[in-house]
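The block underneath contains the structure these notes are about, expressed in structure tokens.
As the structure is a computational prediction, the values presented were derived from the model and not from experiment. Heavy-atom basis, side chains included; hydrogens, waters and symmetry copies ignored.
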Amino acid sequence: MTHDIFSIQQALLNALRSAVSSYGQSDVPMTLESPKDKAHGDYATPLAMALAKKLKKPPLPIAREIAGKLDLDPALVGKAEAVAPGFINLRLTPAAFFSVLEGALAKGPRYGENAQLKETRLLLEFVSANPTGPLNVVNARAAVLGDAIARLIRASGGRVETEYYINDAGNQARLFGESLEAAISRVRGTPKDAPEGGYQGAYMDDLAHEFLTETEGEPKDYNLSTAKLGEWGMDRVVQWHKASLETYGVSFDQWFSERRELHDSGLVAQALQKLKDQGLTYEKDGATWIKTSEYGAHKDEVLVKSNGLPAYIVADIAYHLHKLGRGYTKVVNIMGPDHHGHILSMKAAHKALGFEEPLFEVLIAQHVSLLSGGQKVKMSKREGKFVTMEELLSQVGKDAARYFFVMRGANTHLDFDIEVAQKQTEENPVFYVQYAHARICSLLKKCAERGLHPAKLSGGFAPLTEPESFLLLKQIMEYPQWVVESAKSYEPHRMVVYLHNLAADFHLFYTKHRILDASPETARARLGLALAVQTVLQNAMGLLGVTAPEQM
RNA sequence: GCGCCUGUAGCUCAGUUGGAUAGAGCAACUGCCUUCUAAGCAGUGGGUCCCCGGUUCGACUCCGGGCAGGCGCACCA
């Protein structure tokens with residue numbers, strides 16, 4: 001029977017709980033912290049300080065009293081001491097760490113998986129770019145974020161469905177059809193005026209060429225209505241998106257078409273009727289409005305325009321009604337910065353329809369500025385020249401792109417330095433982590449050639465006595481917890497922080513302690529440790545979708 | 001004017017539910033390869049955690065009020 005971080009923490013918390021129970025204070029927070037300063041032990045709790053106030057006694061004596069009462073397994077905890085101003089510090093035994101290490105090696109590629117979020121059933125919608133043009137860099141950022149979040153939650157035992165919403169209806173569909181019509185004429189050599197505010201750029205010509213190639217064998221009078229042409233083009237652009245996301249390592253469980261699944265199916269009409277039935281609408285200036293301002297938004301929104309066509313928000317409401325009706329415990333949406341103004345309206349609409357707000361959450365993937373030569377790369381949508389996701393990927397590669405996009409919190413404005421991401425040097429943070437992995441691979445290979453094999457059982461780890469070994473053991477132990485915390489908070493960038501720390505601890509260990517020259521017992525113990533680090537590096541990079549190269 | 005995001009070292013950013021002396025990378029400087037990958041390690045310098053109040057044993061963290069930067073505020077989606 002091996003331990004993991006969860007069972008150890010549970011044991012510590014149980015002991016604390018029963019020691020505190022005699023004070024008759026039920027609402028003392030049972031917190032367990034990992035002190036920054038390792039002189040303070042492996043775990044610490046400030047609960048004596050919370051207790052001090054209730055008991056009106058100084059915290060330190062209380063901490064001493066509790067520390068004396070703790071009924072702890074001596075195989076797990078070596079020392080429990082009370083220190084000023086009132087912390088209780090706990091130090092784990094080497095045997096506890098070795099047990100965790102044995103467990104990690106036994107689980108291998110599955111180490112880090114846990115059941116902490118097993119109640120979660122999440123619908124995660126992200127990217128959802130308009131099918132009217134190429135994916136941009138914010139889409140690329142959202143794609144990596146969403147993909148990593150899904151992987152993290154799955155690793156923590158939750159169920160996640162990823163979904164891509166295709167905005168293929170409404171005004172922009174019509175405009176896209178007209179733009180494509182114009183592009184086809186242009187390609188045929190019979191120029192025609194492009195619609196005002198229409199879509200242009202090289203990709204429209206590409207699309208026109210594709211259309212002509214495919215309809216080559218058709219009768220001369222072959223023609224599609226503008227609407228049908230728009231639908232054809234949008235379907236094609238969606239195929240492009242799907243393919244480029246695929247090469248980026250991002251796939252979706254569902255592709256949800258606004259036109260087919262909301263409009264054609266009648267769900268939009270139903271949603272509108274539902275809003276009307278509940279008295280949430282009114283008529284003004286020939287349009288139908290929804291009273292979102294009464295539910296927390298700062299203004300009302302138009303549901304049906306005076307020309308009789310539904311505004312986008314009706315489809316959005318219909319879509320979310322559909323989502324919320326599918327039985328998820330949580331519906332999360334990653335949106336670009338240009339949509340944040342509508343979050344309040346959507347939340348208000350949900351509230352009006354009686355959905356609890358916590359069920360629906362929006363994460364914003366903030367702006368990305370591309371830097372090149374210290375200067376911001378100009379992106380101009382109007383001129384049809386903006387850096388697309390594909391261009392960026394071809395410049396810096398999948399690993400660097402993914403690592404850079406998850407490196408920071410989603411709602412920080414990200415500066416993406418293309419040159420740094422391209423560099424194959426120490427300036428590039430991806431390589432630091434990958435290098436640690438490659439070093440271990442090389443080490444294991446070399447040892448195997450000499451017949452040295454890693455220890456895999458607790459008994460074999462006794463030669464690990466150096467502080468650097470225990471730094472690594474602690475990191476290995478904490479890994480599953482980092483997975484859970486990153487998953488729970490939807491913050492994959494925490495895994496980047498973890499990876500960096502783990503790699504740093506390994507590099508330190510590696511420069512200080514030799515393996516090939518050590519005695520066979522020590523060498524085998526250190527190899528076991530290195531193997532576990534390799535496993536965790538692989539697993540953690542896997543959750544971010546970054547590859548772990550065997551050599552560099 | 002209203003709303004959202006951000007403000008931490010020269011630059012880019014971390015900072016777990018409020019905890020003990022605020023961290024990392026880059027940039028600058030100094031050391032370390034006849035030995036498992038120097039894409040590495042060790043060290044030095046560098047801080048008004050935007051400002052002012054409040055909450056408390058304790059605040060970068062929570063609350064209130066400001067200031068600065070970015071973005072959004074269509075019968076577009």
Side-chain angles (χ1 to χ4, degrees), chain A residues 29 31 33-37 39-40 44-46 49-50 52-53 58-59 83-87 89 130 132 167 169-173 175 197 258 284-289 297-299 301-307 309 311-313 315-316 337-344 362 364 366-367 369 371 374 407-415 417 420 423-432 434-436 438-447 450 481-482 485-486 488-489 491 493-494 496-497 500-501 503-504 506-518 523 526 530 551-552:
Chain A
T31 51
E33 294 163 359
S34 211
K36 277 176 250 170
D37 186 342
H40 296 140
T45 177
M49 287 184 290
K53 198 182 175 192
V83 297
F87 290 101
N89 294 339
N130 285 336
T132 51
N167 229 303
N171 214 21
Q172 67 174 13
L175 191 59
E258 177 185 358
K284 195 183 92 183
D285 303 335
T288 306
W289 298 69
H298 39 278
K299 61 178 170 61
E301 300 277 347
V302 169
L303 286 174
V304 182
K305 297 182 266 186
S306 51
N307 64 8
L309 294 173
Y312 88 97
I313 195 170
D316 229 15
D338 47 336
H339 287 89
H340 73 245
H342 303 287
I343 297 170
L344 220 52
V362 178
I364 296 288
Q366 279 293 348
H367 281 276
S369 302
L371 300 180
M407 201 159 52
R408 309 297 183 209
N411 50 17
T412 62
H413 304 218
L414 181 71
D415 284 337
D417 192 319
V420 170
K423 272 185 192 162
Q424 310 268 315
T425 72
E426 77 283 353
E427 271 181 71
N428 190 333
V430 192
F431 287 97
Y432 184 77
Q434 292 184 324
Y435 183 55
R439 269 183 153 176
I440 298 174
C441 290
S442 155
L443 183 61
L444 288 167
K445 200 173 147 200
K446 212 148 246 173
C447 288
R450 302 189 187 189
Q481 177 117 51
W482 281 82
E485 295 301 329
S486 307
K488 252 200 260 185
S489 57
E491 290 178 333
H493 76 266
R494 294 195 194 187
V496 173
V497 173
H500 183 270
N501 292 342
F506 179 75
H507 285 311
L508 176 62
F509 175 87
Y510 183 89
T511 33
K512 267 192 122 157
H513 304 292
R514 307 215 22 108
I515 291 169
L516 280 178
D517 312 343
R526 289 178 179 170
Q551 55 181 19
M552 295 175 68

Taking atom [atom2] of [N] as reference, at what distance in whole Å does atom [atom1] of [X] sit?
X: R450(A); N: U35(B); atom1: CZ; atom2: P; value: 13 Å
X: H339(A); N: C5(B); atom1: NE2; atom2: P; value: 17 Å
X: L371(A); N: C26(B); atom1: CG; atom2: C1'; value: 13 Å
X: K299(A); N: C4(B); atom1: NZ; atom2: C1'; value: 14 Å
X: L516(A); N: C36(B); atom1: CG; atom2: C1'; value: 4 Å
X: H413(A); N: G72(B); atom1: NE2; atom2: P; value: 11 Å
X: H500(A); N: C26(B); atom1: NE2; atom2: P; value: 7 Å
X: N89(A); N: G19(B); atom1: CG; atom2: P; value: 15 Å

| said: Is C52(B) syn or anti, taking syn as a glycosidic angle within 90° of 0? | reply: anti
Can a donor-acceptor pair be found, under 3.5 Å and without considering hydrogens, that links the side chain of [X] to the backbone of [Y]?
X: N307(A); Y: L309(A); answer: yes
X: R526(A); Y: R514(A); answer: yes
X: S369(A); Y: D415(A); answer: no

From the options [options], select the nucleotide whose nearest atom is closest to the side chain of [X].
X: T511(A); options: A20(B), G19(B), C41(B); value: C41(B)
X: Y435(A); options: A39(B), A42(B), C5(B); value: A39(B)
X: V83(A); options: A38(B), C73(B), A20(B); value: A20(B)
X: Q172(A); options: G19(B), A77(B), A20(B); value: A77(B)
X: R439(A); options: A38(B), C13(B), C36(B); value: A38(B)
X: R494(A); options: C5(B), A39(B), U17(B); value: U17(B)
X: L443(A); options: C41(B), U17(B), C36(B); value: C36(B)
X: V302(A); options: C75(B), C57(B), C13(B); value: C75(B)
X: M552(A); options: A20(B), C57(B), A39(B); value: A39(B)
X: A287(A); options: U16(B), C75(B), A42(B); value: C75(B)

Is there a donor N/O on one and an acceptor N/O on the other, under 3.5 Å, for the side chain of [X] and the base of [N]?
X: S306(A); N: C75(B); value: yes
X: N501(A); N: A14(B); value: no
X: H342(A); N: A77(B); value: yes

Give a yes/no answer on whether the side chain of [X] brings an N or O atom under 4.0 Å of OP1 or OP2 in [N].
X: K36(A); N: A22(B); answer: no
X: R526(A); N: C36(B); answer: no
X: H493(A); N: G15(B); answer: yes
X: K284(A); N: C75(B); answer: no
X: S442(A); N: U37(B); answer: yes
X: K305(A); N: C76(B); answer: yes
X: Y510(A); N: U35(B); answer: no
X: N411(A); N: U6(B); answer: yes

| NA contact type, E33(A), heavy-atom cut-off 4.0 Å: base, sugar-phosphate, or nothing? |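 If one applies the 4.0 Å heavy-atom cut-off, E33(A) turns out to touch a base.
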| field | Interatomic distance, L175(A) atom CG to T132(A) atom OG1 [nearest 0.5 angstrom] | value |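 So the gap between those two atoms works out to 8.5 Å.
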| request: May I ask you to decide if the ring planes of H413(A) and H367(A) are parallel, tilted or perpendicular, using 30° and 60° as cut-offs? | output: tilted
| request: For side-chain contact (heavy atoms from CB on, under 4.5 Å), just list the numbers for F431(A) and M552(A), CA-CA rounded to whole Å, side-chain angles, deciding distance to a tenth of an Å, and then say yes or no. | output: CA-CA 9 Å; F431(A) 287 97; M552(A) 295 175 68; 3.1 Å; yes
| said: So is the aromatic ring of F87(A) stacked onto the base of G19(B), judging by whether the centres are under 5.5 Å apart and the planes are under 30° apart? | reply: no
Please name the nucleotide paired to [N] by Watson-Crick or G-U wobble geometry with both distances under 3.5 Å, or report none.
N: G58(B); result: none
N: A22(B); result: none
N: C73(B); result: G1(B)
N: G31(B); result: C41(B)

| More than 12 heavy atoms of other residues, nucleotides or ligands under 6.0 Å from NZ of K445(A): is that the case? | no
Work out how far the [atom1] atom of [N] is from that of [M], and round it to whole angstrom.
N: C50(B); M: G70(B); atom1: C1'; result: 16 Å
N: G23(B); M: U56(B); atom1: C1'; result: 26 Å
N: C71(B); M: C26(B); atom1: P; result: 31 Å
N: A74(B); M: U12(B); atom1: C1'; result: 37 Å

| message | Quick one, N167(A) and Y312(A) - any side-chain contact, counting heavy atoms below 4.5 Å? | response | no
